[in-house]
Amino acid sequence: MNNNLLFVICQFNSAKKMLATYQKIIMETICEAIRDVIPGIKARCDYCHSERIVFYTEAMSEEAPEKITVTIVNQKDRDFWLSSVITDVFPALGGSVDDVSICLSQEERDEIIKRLKKLRDGKETNNGAF
């Protein structure tokens, strides 16, 4: 029985490494695609839920994670959250993507959707240009 547990532990550690590799690819690819729409966009793994990717901007990265609060923006033209836009295009990421108060205008939302759909459909160019 002990050898079985050691095997399972080894598989568990391999899966964690694989998860981290895939998360890094997802984070880098999405950030690169939308960086000129959302300057300073970055991503990290959630401190409490390592399987969750959290997008934020550089200004927010200087604050301690426990000091970052979500602010509801009531402006009529800024009513789209980045994480919702990402999961609309990539439903398989539902529950695995979040953001720190990144609200988008209609124009930003439309441009990001266009770019993410190009990524999803494999229509981006090799140099990342859209």
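Basis for what follows: all heavy atoms, side chains included, without hydrogens, waters or symmetry-related copies.
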Run the numbers on Leu82 and Ile34 for side chain to side chain contact (heavy atoms under 4.5 Å, CB included), then give the verdict. CA-CA 10 Å; Leu82 176 62; Ile34 65 174; 4.0 Å; yes

To the nearest 0.5 Å, atom NZ of Lys24 lies from atom CD1 of Ile53 at 13.0 Å

Using 0.5 Å steps for rounding, measure from the CD atom of Gln23 to the CD atom of Glu51. 8.0 Å

Hey, could you give me the CD1/CG distance between Ile86 and Leu93, rounded to the nearest 0.5 Å? 8.0 Å

Residues passing the side-chain contact (heavy atoms from CB on, under 4.5 Å) test with Cys31, sequence neighbours excluded, are Arg35, Ile41, Ala43, Phe55

For the CH2 atom of Trp81 and the OG atom of Ser101, what is their distance to the nearest 0.5 Å? 5.0 Å

Using salt bridge (Lys or Arg N to Asp or Glu O under 4.0 Å) as the criterion, list what pairs up with Asp36, not counting sequence neighbours. Arg115

Can you name the residues that form a side-chain contact (heavy atoms from CB on, under 4.5 Å) with Lys117, not counting sequence neighbours? Val89, Ile113, Arg120, Asp121

Test of understanding: with side-chain contact (heavy atoms from CB on, under 4.5 Å), list the residues that count as partners of Ser96, not counting sequence neighbours. none

All side-chain contact (heavy atoms from CB on, under 4.5 Å) counterparts of Asp110, not counting sequence neighbours: Gln106

By side chain to side chain donor-acceptor pair (under 3.5 Å), Ser83 pairs with (sequence neighbours left out) Asp99

Looking only at atom types and distance, does a side-chain atom of Thr29 sit under 3.5 Å from a main-chain N or O of Ile26, one as donor and one as acceptor? no

What distance do Leu116 atom CG and Asp88 atom CG have between them, rounded to the nearest 0.5 Å? 10.0 Å

Between the CD1 atom in Ile102 and the CD1 atom in Ile38, the distance rounded to the nearest 0.5 Å is 5.5 Å

